[in-house]
Amino acid sequence: MDILTELNPKQRQAVEAIDGPVLILAGPGSGKTRVITHRVAYLIRVCKVNPRRIMAVTFTNKAAREMENRLFGKSEKDLATPLLNWSNRGQVTIGTFHAICARILRIDGKAMGIDPKYVIYDSDDQIALIKRSFEELRLDPKQYNPSAVASAISHAKSKMMSPIEYQKQNRSYFEEIVGRVYERYQQLLTESKALDFDDLLLKVVELFRKHTEVLKRYQERYVHVMVDEFQDTNLVQYELVKQISGEYRNICVVGDPDQSIYSWRSADLRNILSFEKDFPDAKVIFLEQNYRSTKTILETASHVISANLQRKPVKLWTENDKGERIAIVEAFTEQEEAQFVVREVERVVSRGEFKPGDIAVMYRTNAQSRVLEECFIRYGMPYRLVAGTRFYERREVKDVIAYFRLIQNPQDSVSLQRIINVPGRGIGPQTLNKLSTWAKSLGISPFDSLNLIIESRKKDSVIQHPFDTRSADVLGRFIRLMNDCIARSREKNLVELLDYLLESSGYKQYLSNDPDGAERWENVMELRTVAEQYRDLPPSEALTAFLEGVALVSDVDGMEEGVDRVTLITLHQAKGLEFPVVFIVGMEEKLLPHIRSFDDPAQMEEERRLAYVGITRAKRRVYLVYAFRRSFMGISTVNQRSRFLEDIPKHLTTTPDWSEESGKATESAYSWNRVRQEEPVTVSTESTVELKDGDRVRHAQFGDGVVVSSKKMKGDCEVTVAFNSAGLKRLMLSFARLEKIS
């Protein structure tokens, strides 16, 4: 296919501008992913650039997969027409900053003293190590929040500050504490042969600075470097990009200052705003045609964002139709707010206007999802919650991964602490403390000290340990298990190793004795499915690749495609996604904008950008909903509606009116007739089926069940059903769509 045919003039200009630095300012829905993928294809097919000499950096694994699929197809036999031949897949470097840096450190990290089998510590592991630092420094975790300390350390690393440099700039007592913990925390990471997420980036920058011959090799390899979502880069990431592109200076960055919403992750808006100062010869190209939203949605978003000062104005326009007005809805309480959302979803779905999977409900804070979830469950409305308990954060999944991490890297003290007594082996806290103290006195790792217990039992051994016979026996059995698994990891493929581990460790039996064991075992089997993807790799590579893969998964990466359920998601996580219908709830002062932004103009601008991102996720319809009264931390308060609503001209909005008599929207508008009372408003909709206790029913989401009880309500009926697989559920009959079965 012709690479340039499908592109508009500005997109074509961005694809063909291949020499020197390029800044592409791309508004939401303007096809920036298409531009990047076509640019890669253009370089390879038209300019005859070797695929190995191209790097494309994305911000999520999901975006990287999407880019690869667009370029090469989803499989070798993909019937669609990809831009490039399947044989080129894997030659172009496409991935997130963290994934690319993790690869560089596996190959060249030895120059920095980094073991190729290093493990990547997630946020839970970091907190565990910080708490251990607290203990060793005799600090009270109740007085100094470990999460706050972890955040401060991360922020320091994003500014490329070492523990010594951080300690030199201490201005408060808290910073003095952070400096001490930071120093010990880094020492413990080194002892465990581990890196946290910030280290993955920082260590590569340090590697390139200290070992110019390594940097030169990467500079010579990568002739063209492209970075997506450049407005979300931090100082380390920008430095890394400048280092790698330093030889040829063919650096192309794509972004939108109006969508910079991650300052809390140390993203620095100045990177994109100052790009032209750093690269005075940069070509600047604006992508302003929007292919996603209606004219009304774009005009609304433009009015909301125009009040910001830190931006490069992008004049969005579209050939799409005008579309419907923005619905601004006032509910009385957060419960009524959730009821409005569910009922309006039911209305548009029942009319055939949209499917549940077309709809997203977005909110500023995770805590707002609780009331929404309760309402969706009550009315039997199918939904999916993004960033509930992530799969890789489930206890049983983390346990198995900890076993694998210890097999790969026996110095990993956090993983050792996690699974040494899981399943229970009679190894208590006192024994663990004694083990840690003994290992520290010998100057070796806890794992190595366990092996000394085995050595002490050999004839003529002079090794003495501090454990009684029973403790030495159980510790000995554990270290023999791990040594056995380590030996087998050199011979077995990953799936065989997992199966052996689950049996030999007793973990399979351990779950079978758990009341929730069946569900937890299903999660372990799902992890086995992930391991299947690495079955064909050599044992020496499979475990490393698997652990790196699961460590770098994000919330959005785990979103299933094609699921016909309403999506509940935070505004931060919604970035990069799109939906035909968007509800943004909690449009109130102190919530959106958040109360923490009130005294900081820069943070207030970011809150405005957050609202802008939410609105521009929508293709066809937007509902902006707020509550007159909302409870927070057990206190009910009256809130003003968000200042961002005041920026939207009246001619772009409609005030909804929901008819209480019929439960259906009037033809003139979608409105909600507020009722100034605390009790929920009931909807009067005639049920299509009559049910009594004992009736067998079927539900689209929950499957088959039996009616346990039913209770008449004003114009409706609440039924309690015992479902075979989903347990007890309370449902409103008018919305549950229950089918009576014989």
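Along the sequence shown, residues carry numbers from 1.
Ion pair E247/K216 flagged as a salt bridge, since at least one NZ, NE, NH1 or NH2 atom sits closer than 4.0 Å to an Asp/Glu carboxylate oxygen. The residues R535 and E532 are annotated as salt-bridged, a charged nitrogen and a carboxylate oxygen being separated by less than 4.0 angstrom. The pair E496-R488 does not meet the salt-bridge criterion, since no charged nitrogen lies less than 4.0 angstrom from a carboxylate oxygen. Ionic pairing of D412 and K193 is not present here: no N-O contact between side-chain nitrogen and carboxylate oxygen is shorter than 4.0 angstrom. A salt bridge between K440 and E136 is present, with a side-chain N of the basic residue lying under 4.0 Å from a carboxylate O of the acidic one. One finds a salt bridge joining D125 and R405 here, because a Lys/Arg side-chain nitrogen approaches an Asp/Glu carboxylate oxygen to under 4.0 Å. Between D281 and R249, at least one side-chain N (NZ, or NE/NH1/NH2) sits under 4.0 Å from a carboxylate O, which counts as a salt bridge. Between K492 and D499, none of the side-chain N atoms (NZ, or NE/NH1/NH2) sits under 4.0 Å from a carboxylate O, so this pair counts as no salt bridge. Between K117 and D115 no salt bridge is recorded (no basic side-chain N to carboxylate O distance below 4.0 Å).
Between P539 and N493 there is no side-chain heavy-atom pair separated by less than 4.5 Å. In this structure, the side chains of Q126 and L129 stay at 4.5 Å or more apart for every pair of heavy atoms. Counting heavy atoms from C-beta on, the side chains of L139 and R180 come closer than 4.5 Å.
The aromatic rings of Y262 and H572 sit tilted, their planes meeting at an angle between 30° and 60°. In this structure, Y144 and Y173 have tilted ring planes: the angle between them lies in the 30° to 60° band. A tilted orientation is assigned to the rings of Y238 and F279, their planes being inclined by 30° to 60°.
Side-chain contact, T96 with T58: no donor N or O sits under 3.5 Å from an acceptor N or O. Between the side chains of T233 and N271, at least one donor N or O lies within less than 3.5 Å of an accepting N or O. Using modelled atom types, one finds a donor on one side chain and an acceptor on the other under 3.5 Å when comparing S263 with E606. If you check the side chains of E183 and Q167, you find a donor sitting under 3.5 Å from an acceptor. Defined by atom type and a distance below 3.5 Å, a donor-acceptor pair is missing between the side-chain atoms of R528 and N523. Checked by atom type, the side-chain pair S413/R132 shows a donor-acceptor distance below 3.5 Å. A side-chain N or O of Q573 and one of T570 form a donor-acceptor pair less than 3.5 Å apart. In the model, E229 has a side-chain atom that pairs as donor or acceptor with a side-chain atom of Q231 under 3.5 Å. Side-chain contact annotation: Y222 with T93, donor-acceptor N/O pair under 3.5 Å present. Side chains of D399 and Y507: a donor-acceptor N/O pair is present below 3.5 angstrom, by distance only.
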> Would N433 and S436 count as a side-chain hydrogen bond (donor to acceptor under 3.5 Å, both in side chains) if you check the C-alpha gap in whole Å, the side-chain angles of each, and the deciding distance to 0.1 Å?
Replying inline: CA-CA 5 Å; N433 287 335; S436 178; over 6 Å; no
> Yes or no on side-chain hydrogen bond (donor to acceptor under 3.5 Å, both in side chains) for T544 and Q408, after CA distance, side-chain angles and deciding distance?
Replying inline: CA-CA 7 Å; T544 298; Q408 184 206 30; 2.9 Å; yes
> What do the steps show when you test K157 against Q186 for side-chain hydrogen bond (donor to acceptor under 3.5 Å, both in side chains), and what is the final call?
Replying inline: CA-CA 11 Å; K157 289 185 177 184; Q186 284 302 121; 2.5 Å; yes
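Applying the 6.0 Å contact sphere to CD1 of I107 captures more than 12 heavy atoms from other residues, nucleotides or ligands. E213 CD: more than 12 foreign heavy atoms inside a 6.0 Å radius.
The side chain to side chain contact (heavy atoms under 4.5 Å, CB included) test applied to S133 returns V181, R184, Y185, L188, not counting sequence neighbours. The side chain to side chain contact (heavy atoms under 4.5 Å, CB included) search around D108 returns L207, V214, R217, Y218, not counting sequence neighbours.
Taking the centre of each ring, F97 and F59 come in below the 6.0 Å mark.
Between the side chain of R106 and the backbone N or O of P116 there is at least one donor-acceptor pair closer than 3.5 Å.
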